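Structure first, then comments.
Because the structure is predicted, anything quoted here is derived from the model rather than measured.
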Amino acid sequence: MTGETEAMTNFIYNMIKEDVEKGILGDKCVHTRFPPEPNGYLHIGHARAVLLNYELARIFNGKFNLRFDDTNPIKEEQEFVDSIMDDIRWLGADWEDRLFFSSDYFEVKYEFARRLIKAGRAYVCDLSQEEIREYRGTLTEPGKESPYRSRSVEENLDLFERMRKGEFPDGNRVLRARIDMASGNLNMRDPVIYRILHASHHRTGDKWCIYPMYDFDHPFSDAHEGITHSLCSIEYTDHRPLYDWIVDNALELYPEAVKFHSRQTEFARLNLTYTVMSKRKLRRLVEESFVEGWDDPRMPTIAGMRRRGFTPASIADFQERVGVSRADSTADLALLEHCIREELETTAPRLMAVLNPVKVVITNWPEGETELTEMDNIPGDESASTRTVPFSGELYIERDDFMEDPPKKFFRLAPGREVRLKGAYIIKCEAAIKDAEGNITELQCTYDPETRSGADTSGKKVKGVIHWVSVEHAAWIKVNLYDNLFTIENPEEERDIDFTDNINPQSLVVCENVPAEPAVAEADPGSRFQFLRKGYFYYDPHPTSGEKPTFNRIVPLKDSWAKIKNK
RNA sequence: UGGGGCGUGGCCAAGCGGUAAGGCACGGGAUUUUGGUUCCCGCAUGCGCAGGUUCGAAUCCUGCCGCCCCAGCCA
């Protein structure tokens, strides 16, 4: 993300490089933009578009604009403008002083529409919505021309002006581009470019009651801002001829309002395994309470991933590794997990916490004595220094780290067997105490004083090393263990059943009372740790319940024991 | 006989006529006081299929097959 030499190799980068080398940008620099509609939250798929546009501009020493595509007052809200800006900023894409809104240009666009009318290339159509649909024809049959197609320029101008003045109700008439009703491309069959909408706009209020359509608005806004490369997703490929038609006309009829004939280039949307990305499905997850909100850590939204504990760098690294192409693709969640693990391996301080505790009593430990041990914050990183962890005769260890009747390859604690307590001593299990139901309530062990970590004179070697927390010194925290939201790789592809039927019932497992080493009390909300042998966790700065510190599991550590065990 | 797009290993993805990069995943081994990390090694006689052109084809041509998008006064 930092150097100028990164080898971005994708077809868009190559194309821009060629454009620059050929000098077709003239005196302009590379200029991109991210054009969200403020009608929802950004997700990991949008992050691709944000970062691609931003990075391309940065690499070529160009400019990157943020422009809200706010041409439909019915669906758009200020709340989304705010959350989108917040997410983009968090991702690290800097639009500097170039924050724009399509609605900023409503007046110029109105003038451009008038010029289209004067040139005989746009007309007011009185057909009803249903009639327009009928006249449009079908995928295999050409459309029919509207009876209003040949209205005089004067009449069109008058009608369009009256549309703006609010003389007609919603849906009463529209302004259409006059192109080709027989085109095989439905977008060219006299597309509607303005509709009447008596609705309050989040920025322009009630100033307007006619609003431009995307196909008219977007190309013009790009050209108006001087965007050189207009990147969008693959489904807009069919719209490209219309995009060019609009820009060509703007250049011809209204040259003072446009700076460049931007070029539209499409790339495939990004999907991720074990989740869904469609706005409709994400909304259902929230509205039907399968998750706790748009920022639930299980959601693929940027807000959710932030809350989960992912970092901007890990997301950028992920995007870079996935790459960009025009082919439909679904990236493997494992790659995203790899990226965050790789970053946190060298940056997250270690801490010990016992997620599912069972008590260990060291029977030969001097009554009431506490010993302090020094442990590395980040092994292998001298600058990360160490912390002090108290050790005593009563400890918690993971229930999983003990087996009464272990298989051959189990290296941890079992009756008569020894393990090392990380940073402390080697202990041997002498007895397992059970309650009336047969549940283990306590493990009685003895320690070997010769085996103190860093000063071991016993010569003993054990294969197992486990983490622990001193009962007396434990700090209590709450832990949210997150797992995949869906149990199948491609929940979006299921056609016969509702996608919610594949929701993972274990996607969130809450551990209300987790003992952790006392250093956890000094942690700052918003910081990340590795809970030794368990995974990477994020200290949630916005816990939803209680005052106890809450840690969200970002991702577990790789677990090769799980693989061995399941064989 | 509508238009458009896409098909390279499990998932992504380079390659653009000179004999299949890379990452993740996966398998094996070494190191390891995290069954983590790190380090080696392995992993497409093959580029949707079938023909053709060429000394030579994933790359060019022809024909098939499969998947995706389009009939909003949404973006």
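- Between A:S325 and B:rA13 there is a side-chain N or O to OP1 or OP2 distance below 4.0 Å.
- Side chain of A:N484 to main chain of A:F486: no donor-acceptor pair is present (N/O by atom type, distance under 3.5 Å, no hydrogens or angles).
- Going from atom CG of A:L231 over to atom CZ of A:F34 covers 11.0 Å, rounded to the nearest 0.5 Å.
- Judged purely by atom type and a 3.5 angstrom limit, A:T71 has no side-chain atom pairing as donor or acceptor with the backbone of A:Y211.
- Comparing A:R350 and A:T273, the nucleotide of RNA chain B nearest to each residue sits closer to the 5' end for A:T273.
- To the nearest angstrom, P of B:rU34 lies 16 Å from CD of A:E517.
- To the nearest whole angstrom, the two C1' atoms, one in B:rC47 and one in B:rA57, are 11 Å apart.
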Tabulated below should be each protein N or O lying under 3.5 Å from an N or O of nucleotides 24-26 of chain B; please produce it.
| from | atom 1 | to | atom 2 | distance (Å) |
| --- | --- | --- | --- | --- |
| B:rC26 | OP1 | A:K563 | NZ | 3.0 |

Q: Classify every nucleotide of nucleotides 66-75 of chain B by which part a protein heavy atom approaches to under 4.0 Å, writing B for the base, S for the sugar-phosphate alone and - for neither, in 5'-to-3' order.
A: --SBBBSBBB
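- Only the C1' atoms considered, B:rU62 is 16 Å distant from B:rU54, to the nearest whole Å.
- For the P atoms, the distance linking B:rU38 with B:rC6 amounts to 37 Å, nearest Å.
- As rounded to whole Å, 13 Å separates atom P of B:rC12 from atom CG of A:L333.
- Between A:L532 atom CG and B:rU32 atom C1' there is a gap of 13 Å when expressed in whole angstrom units.
- Residues passing the side chain to side chain donor-acceptor pair (under 3.5 Å) test with A:E37, sequence neighbours excluded: A:N39.
- For the atom pair A:E343 CD and A:Y536 OH, the distance stands at 10.5 Å (nearest 0.5 Å).
- Side chain of A:D87 to backbone of A:I84: no donor-acceptor contact under 3.5 angstrom is found.
- Between A:S102 atom OG and A:E225 atom CD the span is 7.5 Å, to the nearest 0.5 Å.
- B:rA20 and B:rG56 have their C1' atoms separated by 15 Å, with the value rounded to a whole Å.
- Both A:D559 and A:A331 lie near RNA chain B, and the one whose nearest nucleotide falls closer to the 5' end is A:A331.
- Each of A:R33, A:Q264, A:R240 was evaluated against A:S230; a single residue qualifies, A:R33, per the side chain to side chain donor-acceptor pair (under 3.5 Å) test.
- Proximity of A:N14 to the phosphate of B:rG15: a side-chain N or O atom is located under 4.0 Å from OP1 or OP2.
- Listed by first and then second residue, the salt bridge (Lys or Arg N to Asp or Glu O under 4.0 Å) pairs involving residues 167-176 of chain A are A:D126-A:R173, A:R162-A:E167 (not counting sequence neighbours).
- Rounded to the nearest Å, the gap between the C1' atom of B:rA25 and that of B:rC61 is 38 Å.
- Regarding the sugar-base torsion, B:rG29 falls in the anti class, its angle being beyond 90° of 0.
- Atom CD of A:E337 and atom C1' of B:rU37 are 17 Å apart (whole Å).
- Rounding to whole angstrom units, CG of residue A:N377 and P of B:rU37 are separated by 20 Å.
- The interatomic distance linking A:L413 (CG) with B:rG35 (P) rounds to 14 Å, in whole Å.
- Listed pair A:R326 / B:rG5 fails the phosphate criterion, with no side-chain N or O lying under 4.0 Å from OP1 or OP2.
- Here the OG1-CZ distance, from A:T347 to A:R528, works out to 8.0 Å after rounding to the nearest 0.5 Å.
- Evaluation of the side chain to side chain donor-acceptor pair (under 3.5 Å) rule for A:S560 yields no partner, not counting sequence neighbours.
- In this structure, CG on A:N566 lies 9.0 Å from CG on A:D559, to the nearest 0.5 angstrom.
- Within the 4.0 Å cut-off from OP1 or OP2 of B:rU37, not a single side-chain nitrogen or oxygen of A:T346 is found.
- In RNA chain B, runs of at least 3 consecutive Watson-Crick or G-U pairs, each pair with both distances below 3.5 Å, span B:2-7 with B:65-70, B:10-12 with B:22-24, B:26-30 with B:38-42, B:48-52 with B:60-64.
- Residues A:D400 and A:R533 are not paired through a salt bridge, judged by the lack of any N-O separation under 4.0 Å between the basic side chain and the carboxylate.
- The separation between A:I340 atom CD1 and B:rG23 atom P is 21 Å, rounded to whole Å.
- Remark: P of B:rC11 and CG of A:L270 are 15 Å apart, rounded to the nearest angstrom.
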